[in-house]
Amino acid sequence: MRTERTRLALVTAALVALALPAAAACGAGGDEPDAVPKTATGSLEELAAKVTCKPNIQTDAKEIRQANCETKDGKYVLATFATDRGQREWINEANDYGGAYLVGRKWVAVGEEKVVTALRDRLGGAVETGASHHSEGTGGGEGDHSGHSGQPDDSGHHGS
């Protein structure tokens, strides 16, 4: 009797041990709605093509390339950077304006949270949320980022 219980316990343990990796593999599959794809890489044009956007280039410099994009999900700004440091400095400056940021390696997409979330389903990346210090732009939600590229004050806009 005791040998029978021991054998049953060993068989059960073995079955559980075999089933765990299979269950983990099923849980990690790309079929789940919450699965985020591997973070995309590439040029501004390559990233835009992955989300079916024809980029309207606003800044084309050595350090940063930036474009306005619009997809069925909404409008956003897509920027690529020459360096990781340049990207982080840009994000740190832009965070003061609030909004949602989808961040990949040397690229960022800025827009409303729903737009950024939709882009993440296709580009991967990590979502960051900026501080909401400016309350006057929160009424309708639309246009919160219009006119603001997220670029630091030395963006080339003069007049102050």
Side-chain angles (χ1 to χ4, degrees), residues 21-160:
C26 290
D31 295 334
E32 291 186 15
D34 293 333
V36 176
K38 181 179 175 186
T39 302
T41 59
S43 69
L44 188 137
E45 289 81 4
E46 291 168 335
L47 293 168
K50 289 179 183 184
V51 292
T52 61
C53 162
K54 183 177 177 187
N56 179 1
I57 305 291
Q58 300 297 307
T59 304
D60 194 0
K62 181 180 175 185
E63 303 81 23
I64 181 174
R65 296 190 70 226
Q66 183 173 297
N68 292 332
C69 279
E70 184 172 2
T71 63
K72 65 181 173 85
D73 302 308
K75 296 178 182 181
Y76 59 96
V77 174
L78 181 63
T80 56
F81 303 87
T83 65
D84 293 323
R85 181 179 177 182
Q87 175 190 20
R88 181 47 48 195
E89 289 173 355
W90 185 93
I91 291 169
N92 290 344
E93 289 284 333
N95 272 338
D96 288 342
Y97 293 93
Y101 302 82
L102 181 61
V103 181
R105 176 110 199 286
K106 295 186 183 176
W107 62 264
V108 64
V110 184
E112 292 181 11
E113 188 172 354
K114 68 177 183 145
V115 176
V116 168
T117 301
L119 291 172
R120 185 175 188 230
D121 290 341
R122 290 172 269 163
L123 293 176
V127 175
E128 296 183 19
T129 305
S132 298
H133 297 300
H134 303 291
S135 60
E136 65 271 5
T138 60
E142 187 175 342
D144 289 348
H145 291 282
S146 65
H148 170 65
S149 64
Q151 205 169 355
D153 290 337
D154 61 347
S155 64
H157 298 288
H158 302 288
S160 36

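Just so you know, these numbers come straight off a predicted model, no measurement behind them.
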Exercise for the section: List for me each residue that meets side chain to side chain contact (heavy atoms under 4.5 Å, CB included) alongside Lys114, sequence neighbours excluded, and say none if there are none. Expected result: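 With sequence neighbours excluded, Lys114 shows a side chain to side chain contact (heavy atoms under 4.5 Å, CB included) to Glu112, given in chain and number order.
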
Exercise for the section: Determine which pairs satisfy salt bridge (Lys or Arg N to Asp or Glu O under 4.0 Å) with at least one residue from residues 78-88, sequence neighbours left out, and list them in order. Expected result: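 Listed once each, the pairs are Asp84-Arg105, Arg85-Glu89, Arg88-Glu128.
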
Would a 4.5 Å heavy-atom cut-off, applied to side chains only, mark [X] and [Y] as touching?
| X | Y | result |
| --- | --- | --- |
| Thr80 | Ile64 | no |
| Val115 | Lys75 | no |
| Asp121 | Val36 | no |
| Lys50 | Arg122 | no |
| Thr41 | Lys106 | no |
| Pro55 | Leu44 | yes |
| Leu123 | Thr39 | no |

Handout entry: Distance in Å, Ile57 CD1 paired with Cys69 SG, rounded so as to fall on 0.5 Å steps
Key =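 The CD1 atom of Ile57 sits 8.0 Å away from the SG atom of Cys69.
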
Practice task
To the nearest 0.5 angstrom, please state how far the CG atom of Leu102 sits from the OH atom of Tyr76.
Solution key: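 The OH atom of Tyr76 is 10.0 Å from CG of Leu102, to the nearest 0.5 Å.
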
Problem - Ring-ring centroid check Phe81 Trp107, cutoff 6.0 Å - result: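 Judged by ring-centre distance (under 6.0 Å), Phe81 and Trp107 do not meet the cut-off.
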
Exercise for the section: Inspect the surroundings of CD in Glu70 and state if more than 12 heavy atoms from other residues, nucleotides or ligands are less than 6.0 Å away. Expected result: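 Check passes, neighbour count above 12.
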
Exercise for the section: Could you tell me whether Glu45 and Arg65 have a side-chain N and a carboxylate O separated by less than 4.0 Å? Expected result: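 So Glu45 pairs with Arg65 through a salt bridge.
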
Exercise for the section: Would you check if there is a donor-acceptor pair between the side chains of Gln58 and Asn56 at a distance under 3.5 Å? Expected result: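 Result is yes, a qualifying pair exists.
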
